[in-house]
There are 2 protein chains.
Amino acid sequence: MGVTIKDIAKESGVSITTVSRVLNDKPDVSSKTKEKVKEVIDRLGYKPSGVARGLVLQKTYTIGLIIPDISNPFFPEVARGIEDKAKEMDYSVIFCNTDNDHLAEKEAIKLMKSKQVDGILLSLSIENKEELKKLEEDDFPVVQIDRKVPNSELPSVTIDNVLSAYNATEHLIQLGHTQIVHITGDLGTKTAQDRLKGFKKAINGSEISYKEEWILEGDYSKESGYNLMKSLLKEPPQPTAIFAANDLMAIGAYGAAYDLGLEIPEDISIVGHDDIDIASVIRPGLTTMVQPKYELGKKAAEILIDELERKNIDKKDEILQPKLIERDSTRECSDNV
Amino acid sequence: MGVTIKDIAKESGVSITTVSRVLNDKPDVSSKTKEKVKEVIDRLGYKPSGVARGLVLQKTYTIGLIIPDISNPFFPEVARGIEDKAKEMDYSVIFCNTDNDHLAEKEAIKLMKSKQVDGILLSLSIENKEELKKLEEDDFPVVQIDRKVPNSELPSVTIDNVLSAYNATEHLIQLGHTQIVHITGDLGTKTAQDRLKGFKKAINGSEISYKEEWILEGDYSKESGYNLMKSLLKEPPQPTAIFAANDLMAIGAYGAAYDLGLEIPEDISIVGHDDIDIASVIRPGLTTMVQPKYELGKKAAEILIDELERKNIDKKDEILQPKLIERDSTRECSDNV
DNA sequence: ATGAAAGCGCTAACAC
DNA sequence: GTGTTAGCGCTTTCAT
């Protein structure tokens, strides 16, 4: 440390208590001394030590962010939402990547505790219940983001993948499509399962009869979208619309359609999910579901900080709704015209 | 705090000094007591307070990361490189977005100082010399990332945009192209200026005569790439190759070429810069220069931490080289065949 | 090999 | 309105 509260006290001829008082805008300081102390603080360029303050207050004004991977395109915006909210409330954020590794998650939590963050925002692998349970028992302030560990009491902010897929499919149905295939994501993930669920729900809620063979299991990769579509389109009956569980597979489907001489959206409509950069750049623009990533981060930080400041007792789950963005890859089904 | 060093001392019947010794693996502790203390630590689930430790040691094992915007696609990978290296060296990172705003940058630095980070990694707006100068005077450990404030002594890790553009252009020249246009980025940025410089250098170092009219000033947007190419291609003489200062403009150029019935790469070769996601997804795949973003972060963290641990006295500038990734948007110039 | 005591920079009773 | 004092949880001389 350079200059400390002691230096300020000595230089301004008062006690450190008084300095502390003006630092924290406490009452009972004459305006004269307040002025003097402030002047000295400015002159000496004094900055209170957050560490010392943290020790006595048992509060660091820091929150921990534990995510799988900041370089996964989903998280940067989430992180931005978190940091914006945190800054607004005078907190800072310390982050850590886990790559969904159990041990890394455990270590990250340990680290955050030793750094004495006031609370944690985390996205744990679904199976890592133990760590979350411990946090719960310790009454440590936590908000789960994006993924909610099943049966956990801790509040969460997630995205409604069921409804999102439902809406995407419903959009196709509204356009008059009746021959709709769904390319799923990796069904080992909850997200893919939920999107499939939403798709089924939309189909079953319509006049359309559900066909098992029009559920194609992909793995979120462009290649899987391409290959699945290619083999599907080779022979009739041909669908008039596709709902892919993510944009990458939708792009793969574009490629297959082109290779087979099909025009988008004239011959086939395609809707994706996520709204990655590419969706707006590719031609035709991909109709897709955009996830409120920034809002997700912001909301999670808000819930956590509200809890920290005891503004909010009822911890709750927040479920955010993706929005459809219509571009040029979908249009009315021509079979019905 | 839950359980503290005092509790461990009491429970194991030793002094806190002894506990501290086993905590820090100091010598002069009998293996018996060491065992006992360790057992108690485990049993009580004790974790040393980083804050208290930080106060006495005047070291927090935390580094600050100040960047314009984590949701700008350039930074997440940089941040990942930083966090990986930091974790490896037992540091954590606390981050802050500034949106290139001077005031926000100033506040961020202030914040980092009050949190008492051991050092700062930052990417300041080029004009914000004052803040950097202050840091320099204070001898505060800092490494600049991506952008180096001119005339600053503080070490930096940057990407060599001149050489990168040179190599991109050289690639086109090697392929036999002699009619090459360059679509620049926003020339208000150093990056765009450097890439233009590299382009000129390659042209001037070749047999090709430099043509001012084949420098097209864009603004990094897809639209600018599209518009510039469209008006250029309308009338002869037509270039056989394009080097766009970023991928987005290259994609725009794709659109213009298609609209005018030109095939890529048969009629015209295109190389971009950055290797954004889209570059590998689009057809034909875009030949481009990939920036070592992860390495940039990792190297910057390494230099900073080396300085913190006094392993490295000579603070130096590190300049990383982008690599060419050849896909399908470039080929030999057919005019020369 | 172990412990007592001082102190890191700050806040918060409690006095005056 | 201001100062004294006792910690916050830890490391580190300095004794023993």
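Quick note on labels: first sequence line is chain A, next is B, and so on, each numbered from 1. Below, each value reflects all heavy atoms present in this structure, side chains not excepted, and no hydrogens, waters or symmetry copies.
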Open item on the list: Whole angstroms only, please: what is the CG-C1' distance between Asp25(B) and dT11(D)?
Closed with: 15 Å
- [ ] Round to the nearest Å and state the distance from Tyr61(B) atom OH to dC10(D) atom P.
- [x] 16 Å
TODO: Output all residues satisfying ring pair (Phe, Tyr, Trp, His ring centres under 6.0 Å) with Tyr46(A), sequence neighbours left out; order by chain, then residue number.
DONE: none
Task: Pairs touching residues 2-23 of chain B that satisfy ring-ring contact (aromatic ring centres under 6.0 Å, His included), sequence neighbours left out - done: none
TODO: Can you run down the ring-ring contact (aromatic ring centres under 6.0 Å, His included) pairs that involve residues 84-129 of chain B, sequence neighbours left out, and say none if there aren't any?
DONE: Phe95(A)-Phe95(B), Tyr61(B)-Tyr91(B)
Open item on the list: Please encode protein proximity along nucleotides 9-16 of chain C as a string of B, S and -, counting only heavy-atom distances under 4.0 Å.
Closed with: BBBBBB--
Task: Any donor-acceptor N/O pair, Ser12(B) side chain to Val14(B) backbone, under 3.5 Å - done: no
- [ ] Just jot down the side-chain hydrogen bond (donor to acceptor under 3.5 Å, both in side chains) partners of Asn161(B), sequence neighbours excluded, or say none.
- [x] Arg195(B)
Pairs under 3.5 angstrom only: tabulate donor-acceptor contacts from the side chains of residues 16-23 of chain A to other protein residues two or more places apart or in another chain.
from     : atom 1 : to       : atom 2 : distance (Å)
Thr18(A) : OG1    : Ser15(A) : OG     : 3.3
Ser20(A) : OG     : Asn24(A) : ND2    : 3.4

Open item on the list: With each end axis built from five pairs of C1' atoms, what bend angle do you get for the helix from dA1(C)-dT16(D) to dC16(C)-dG1(D)? Round to 10°.
Closed with: 40°
Open item on the list: If you take any heavy atom closer than 4.0 Å to DNA chain C, which residues from residues 32-41 of chain B end up in contact?
Closed with: Thr33(B)
Open item on the list: Please enumerate all residues that pass side-chain hydrogen bond (donor to acceptor under 3.5 Å, both in side chains) together with Glu136(B), with sequence neighbours excluded.
Closed with: none
Open item on the list: I'd like to check the salt bridge (Lys or Arg N to Asp or Glu O under 4.0 Å) partners of Glu131(A); sequence neighbours left out, ordered by chain and number.
Closed with: Lys134(A)
Show me the donor-acceptor pairs within less than 3.5 Å that the side chains of residues 68-80 of chain A make with the rest of the protein, sequence neighbours left out.
from     : atom 1 : to       : atom 2 : distance (Å)
Asp69(A) : OD1    : Ser71(A) : N      : 2.9
Asp69(A) : OD1    : Ser71(A) : OG     : 2.9
Asp69(A) : OD1    : Arg80(B) : NE     : 2.9
Asp69(A) : OD2    : Ser71(A) : OG     : 3.1
Asn72(A) : OD1    : Phe74(A) : N      : 2.8
Arg80(A) : NE     : Asp69(B) : OD1    : 2.9
Arg80(A) : NH1    : Asp84(A) : OD1    : 2.6
Arg80(A) : NH1    : Asp84(A) : OD2    : 3.2
Arg80(A) : NH2    : Asp99(B) : OD1    : 2.3
Arg80(A) : NH2    : Asp99(B) : OD2    : 2.8

TODO: Indicate whether OP1 or OP2 belonging to dT2(D) is found under 4.0 Å from a side-chain N or O atom of Ser15(A).
DONE: no
Task: Whole-Å distance separating the CG atom of Asp7(B) from the P atom of dC8(D) - done: 11 Å
Open item on the list: My understanding is that only residues two or more places apart in sequence, or in another chain, count here; which of them pass salt bridge (Lys or Arg N to Asp or Glu O under 4.0 Å) with Lys148(B)?
Closed with: Asp317(B)
